[in-house]
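Input: a single structure, listed below in structure tokens.
Side chains are part of it too, since the values below use all heavy atoms of this structure and drop only hydrogens, waters and symmetry mates. The sequence lines fix the lettering, A, B, ..., with proteins before strands; numbering per chain opens at 1.
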Amino acid sequence: MLDIRTLRENPDAAKAKWASRGLDVDVQALLDLDDHRRQLITRVEELQQTRNSSSKEIGLRKKAGEDASEAMEAVRKIGDQISALDKEKTEATQALETQLMSLPNFPHASVPVGHSEADNPVIRSWGEKPEQAFEPKPHWVLAEALGIFEFERAATLSGAGFSCLTGAGARLSRALISFMLDLHTGEHGYTEVQPPFLVNDDALLGTGQLPKFAEELYRVPEDGLWLIPTAEVPLTNLYRDHIFAADELPRNLTGYTPCFRREAGAAGKMTRGMNRLHQFDKVEMVTFCKPADSYARLETLTGHAEAVLQKLGLHYRVITLCTGDIGFSSAKTYDIELWAPGQQAWLEVSSCSNFEDYQARRAKIRYRNENGKPELVHTLNGSGVALPRLLVAILEQCQQDDGSIVLPEILRPYMGGMERI
RNA sequence: GGAGAGGUGGCUGAGUGGUCGAAGGCACCGGAUUGCUAAUCCGGCGUACGCUUAUUUGUGUACCGAGGGUUCGAAUCCCUUCCUCUCCGCCA
């Protein structure tokens, strides 16, 4: 959520920033609503002041044994006015909040302007496409031959869009999770967290999935809970309503969780194999930091995700999402894509974003600045990284002409010394 | 699931209708004192929003888990709800 005050100060700039995301926002209507709301606040508070002083007087008079029935009647009438105006005030405040909650963040000045993913510039790449003197196979062909994924059997349990790893496939997934968590906690300074996988409305409002994207989420109506679409939700909301001491920042969390996404409207989009699933595993990184540090931190965080891929020796590239493609809550996002030679495609495995104070304002996450005053922190997060497509890339990049997979060396200790699947 | 207890400021802990944004203690910050340290003394010390204003300052309102009610007036009384703890039951 953005601060209404920034809209007041520079409505034209706000309109232009939203326009760069392809949104036409009636900023003036928001400001009118805000003005109305503030007038109501002033009137209500004036009446409350009168009521408070009158009530105090009534108390004193009664104590002195005097009659106060006339004053009591007058205050009762004020009370009725207050209730009516206060109701109006609450409605105006909620109306404004509802609208602000549904408006996306401003893109940072360094974000390239564009309309769609076609306009996202590639800013660097690492490694090389593997030299494969044979026709590289897609992972679903490899996996079936190796007997490590069970797509059809998963469908009998849960329908399309679910996978079931077996044998070395399951172990590889577990090995990758351990490897990534060890790397982030051991070398990158993150604290490991195992959060709940079910969360309430407030958590999802805090990070921006609600109110706009409810159709993307699985929910459990009986209990008012939702399955998390990413560990970002529980990790970021861990500090909802919290004020950090300045020396506690940056606070870096990492955690492994499954992620649940309905993927409504994604039918037909790269759904073959493990490219897109309703449930997948992911290791996530979340950072809370001082506003001045957040852009440097975004580079660091992205580097941490890249470190995973570099240590695995996988060919990838990094792109900057343009203004037209950037996520709802984000001010700037880098996507990391792995090369999948069996599909001749780049697969997104990580998305690293700086949300500035957008989530912090919604979730009320603050720190005490140099003046001792509470100030919103900046939040960042990045996948570090998502499992299914990482498995896909390992299978497709590391496949041999006989269909076997030579495992990256760094994973072998996690695989009980196995070198090849 | 059943029975009971409780949710107050960074922590602890008073407060059962008015002068309570809330005693006391701890922690923290500033100052004084003291060869040093410790101790002592004085002062300060919540958050949000509105108005004011030079983002100084001032002032007002709200907030004692959340929501509603009673009342001239609610931390305090009533209702609903959430959460925590203890015991019992069940259970990985």
Side-chain angles (χ1 to χ4, degrees), chain A residues 1-10 30-101 194-206 220-226 234 237-249 251 258 288 291-292 357 360-377:
Chain A
M1 188 165 65
L2 290 152
D3 191 345
I4 186 68
R5 284 174 288 207
T6 58
L7 304 194
R8 261 186 237 152
E9 280 160 23
N10 201 336
L30 290 171
L31 293 180
D32 289 345
L33 185 53
D34 176 50
D35 199 51
H36 178 57
R37 174 187 135 263
R38 283 187 292 152
Q39 283 177 26
L40 286 168
I41 287 172
T42 302
R43 286 168 62 198
V44 167
E45 292 188 353
E46 280 167 1
L47 288 170
Q48 284 172 327
Q49 190 178 354
T50 309
R51 177 175 65 183
N52 287 347
S53 55
S54 300
S55 292
K56 205 168 275 186
E57 244 178 77
I58 290 168
L60 291 172
R61 252 198 260 178
K62 284 187 129 182
K63 194 162 270 183
E66 296 170 31
D67 175 57
S69 53
E70 210 172 292
M72 280 162 67
E73 182 54 29
V75 176
R76 195 202 315 269
K77 280 180 185 157
I78 293 173
D80 293 342
Q81 282 182 63
I82 290 174
S83 319
L85 278 173
D86 193 60
K87 188 163 171 260
E88 255 188 83
K89 184 200 81 180
T90 304
E91 284 166 2
T93 302
Q94 280 173 355
L96 183 63
E97 181 131 315
T98 301
Q99 293 191 38
L100 284 174
M101 287 286 260
Q194 277 195 16
F197 303 158
L198 289 164
V199 297
N200 58 26
D201 290 9
D202 285 341
L204 289 155
L205 284 164
V220 185
E222 291 83 354
D223 300 288
L225 295 170
W226 309 73
N237 281 286
L238 207 54
Y239 290 104
R240 193 164 74 222
D241 280 315
H242 183 69
I243 301 178
F244 285 102
D247 62 10
E248 291 177 293
L249 299 178
R251 178 85 174 127
F288 307 85
D357 63 13
R361 182 170 294 106
R362 288 171 164 245
K364 298 188 181 67
I365 306 170
R366 294 171 290 175
Y367 80 106
R368 271 189 206 283
N369 65 20
E370 303 68 43
N371 304 319
K373 292 287 169 208
E375 183 178 333
L376 295 169
V377 300

Looking at every non-hydrogen atom in both residues, tell me the closest pair between L47(A) and I78(A) and how far apart they are. O-CG2, 3.8 Å
Which whole-number value in Å describes the distance from K89(A) NZ to C63(B) C1'? 11 Å
For A292(A), the side-chain contact (heavy atoms from CB on, under 4.5 Å) test, sequence neighbours excluded, returns none
side-chain contact (heavy atoms from CB on, under 4.5 Å) with Q48(A): which residues, sequence neighbours excluded? V44(A), E45(A), R51(A), I82(A)
Hits for side-chain hydrogen bond (donor to acceptor under 3.5 Å, both in side chains) against E46(A), two or more places apart or cross-chain, chain-then-number order -> none
Test item: R37(A) side-chain N/O and A92(A) main-chain N/O as donor-acceptor pair under 3.5 Å: no
If we take the P atom in both G44(B) and A38(B), what is their distance in whole Å? 24 Å
With E91(A), which residues qualify under salt bridge (charged side-chain N to carboxylate O under 4.0 Å, His left out), at least two apart? K87(A)
Could you check which residues of residues 62-86 of chain A get a heavy atom under 4.0 Å from RNA chain B? Sort them by number, please. K62(A), K63(A), M72(A), V75(A), R76(A)
K373(A): which residues meet the side-chain contact (heavy atoms from CB on, under 4.5 Å) condition with it, sequence neighbours left out? N369(A), N371(A)
Using a 3.5 Å limit on both pairing distances, list the dot-bracket string of RNA chain B from the 5' end; Watson-Crick and G-U wobble pairs count, crossing pairs take [ ], interstrand pairs take |. ((((((((.[[[..)..(.....]]].(((((.......))))).((((((......)))))).[[[[[..)....]]]]])))))))....
When the P atoms of U70(B) and C63(B) are compared, how many Å lie between them, rounded to an integer? 16 Å
Partner set under side-chain hydrogen bond (donor to acceptor under 3.5 Å, both in side chains) for R366(A), not counting sequence neighbours: none
Contacts of E9(A) that satisfy side-chain hydrogen bond (donor to acceptor under 3.5 Å, both in side chains) - sequence neighbours left out: none
From U61(B), A48(B), C72(B), nucleotide with atom closest to R366(A) side chain: A48(B)
State whether N200(A) places a side-chain N or O below 4.0 Å from either non-bridging phosphate oxygen (OP1 or OP2) of C82(B). no
For Y239(A), enumerate each residue passing the side-chain hydrogen bond (donor to acceptor under 3.5 Å, both in side chains) test, keeping only those at least two apart in sequence or located in another chain. R251(A)
Enumerate all atom pairs, one protein N or O and one N or O from nucleotides 52-55 of chain B, separated by less than 3.5 Å.
none

Separation of L205(A) atom CG from A66(B) atom C1', in whole Å? 16 Å
Rounded to the nearest angstrom, tell me the gap between atom NZ in K56(A) and atom P in G60(B). 10 Å
Near R43(A) CZ, under 6.0 Å, is it more than 12 heavy atoms from other residues, nucleotides or ligands? no
Listed nucleotide nearest any side-chain atom of Q49(A), set G60(B), C72(B), A62(B): G60(B)
Rounded C1' spacing from C45(B) to G50(B) in Å: 24 Å
Pair D35(A) + R38(A): basic N to acidic O under 4.0 Å: yes
Donor-acceptor check, side chain of R368(A) to backbone of I243(A), threshold 3.5 angstrom: yes or no? no
Listed pairs, N/O of protein and of nucleotides 49-51 of chain B, under 3.5 Å:
| from | atom 1 | to | atom 2 | distance (Å) |
| --- | --- | --- | --- | --- |
| C49(B) | OP1 | R5(A) | NH2 | 3.2 |
| G50(B) | OP1 | R8(A) | NH2 | 3.4 |
| G50(B) | O2' | T42(A) | OG1 | 2.9 |
| C51(B) | OP1 | R38(A) | NH1 | 3.1 |

Grab the CD-C1' distance between E248(A) and G10(B) for me, whole Å please. 11 Å
Identify, between Q48(A) and G372(A), the residue whose nearest nucleotide on RNA chain B lies closer to the 5' end. G372(A)
